Amino acid sequence: MELDREEQRMFDGELGEASRESMEILAALGKIYGAKRMIPITSAQIAGVSYKTIGQAGLDYLAGLADKGAKVRVPSFLNPAGMDREQWKEMGIPEDFAKKQIDILDAYAKMGISKTCTCAPYFIGIRPKLGEHVAWAESSAIAFANSILGARTNREGGPSALAAAICGVTPYYGFHLDENRHADLLIDVKCELKGLADFGALGSAIGKISKNRNPAFTGIRSAGEPKLKVLGASMAATGSVPLFFIKGITPEWNVSKDAERMDFTEADLKAARESIDTGLKPDLVTIGCPHASLEEIKEVADLVARKKPTCDFWVCTSRKLKDEADELGYNRTIENAGGLVVADTCMVVCPLEEMGHIVTGTNSGKAAAYLPNLCKQKVAFGDLEDILFR
Ligand code: F3S
């Protein structure tokens, strides 16, 4: 694979050990996937942030890289961490976990990476434009960037996104290229999709049958960004889907002539919802997977202002939107009803299993897919009103 002069200098170690190691990773990836060259990126989203997922070995690796003088060349930010940096005690996070988590965030900050920890960066103004190349690592953010924004990213892992951030480039292959941005599965949605849970159930069902094909949808007449993020996140969780199209909504629409066609009916929706929900009453409800938008936080506040839930509940979001919700009074309403607005983290990457919860409620197909295995939780899945007041 061809490297330009600057990339070659990094590869040869002329710009330091951290750049050398990072360019080595990128060049190796490029070779595996047949990239002819690198492409500059405008931002990187780095996964591998929670101490729960990367452990001591991950922390040691990051601290070592920071000590070698690693510095990012493009605006870079983080996936959710294992706790709210400010409210970890209120969340019930163990103290030794909190200390390690802070060390991880400090190592990233030393490399010049923003401590913004969110899986929905597009809700806080990080919105690469149509055709813009980025290296993002969180599966739902990848699906949103590729599909809803029309930006271009491969499914980066934590190390490859970090390497791309340090070098400012990524290998030019996969979803960066026009020829790979097509759908091979065409779904005509024949039923009405109402709340987030319907979009989560649709995504969950289609992800399971996608088998490495990108889906395209007809029949979805309108959907705001919270519904689109939930659809993409759910397909990413059950089928690793990085790109999808919706007729009339997504900026790109490119369906292969020989795409398999199928209908998604009312009966399919009902079956999808029932397959996810245990029917149990949750002891904790977690909203915001991917991280909640301001309108979702408002919706929860409006709901719990009228009626107090009988279980604990969290709304997970970014620090920026949490602060905005605070100014608008939503957080106080939620807290008065016994809830917590948590920033920087989520129900899946925090140590939920160590915090005494057994049944967790969600309206997200992605959280429903991960909570049983990663957090040892039974799942109550449904619309907001159902899970909060079940
Ligand atoms: Fe985000 Fe956590 Fe869901 S990282 S997409 S809220 S599992």
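All of these numbers come straight from a predicted model, not from anything done at the bench. Whatever order the structure lists ligands and atoms in, that order sets their numbers, starting from 1.
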**Request:** Sequence neighbours left out, what pairs pass salt bridge (charged side-chain N to carboxylate O under 4.0 Å, His left out) with at least one residue falling in residues 151-169?
**Result:** Arg152-Asp178, Arg152-Glu252

**Request:** Would you mind counting protein N, O or S atoms that sit less than 2.8 Å from atom 3 (Fe) of ligand 1?
**Result:** 1

Enumerate donor-acceptor pairs with a distance under 3.5 Å from any side-chain N or O in residues 335-352 to protein atoms, sequence neighbours excluded.
| from | atom 1 | to | atom 2 | distance (Å) |
| --- | --- | --- | --- | --- |
| Asn336 | ND2 | Arg332 | O | 3.4 |
| Asp344 | OD2 | Arg85 | N | 2.8 |
| Asp344 | OD2 | Arg319 | NH2 | 2.5 |
| Thr345 | OG1 | Ala81 | O | 2.7 |
| Thr345 | OG1 | Met83 | N | 3.3 |

**Request:** Could you tell me whether the side chain of Leu105 reaches within less than 4.5 Å of the side chain of Cys117, counting heavy atoms only?
**Result:** yes

**Test item: side-chain donor near acceptor, His182 and Asn254, under 3.5 Å** = no

**Item:** Set of side chain to side chain donor-acceptor pair (under 3.5 Å) partners for Lys376, sequence neighbours left out
**Value:** none

**Request:** Give the atoms of ligand 1, by number and element, whose distance to some non-hydrogen atom of Glu138 is under 4.0 Å.
**Result:** 5 (S)

**Message:** Between Trp136 and Phe77 (judged by ring centroids, cut-off 6.0 Å), do the two rings come close enough to count as a pair?
**Reply:** yes

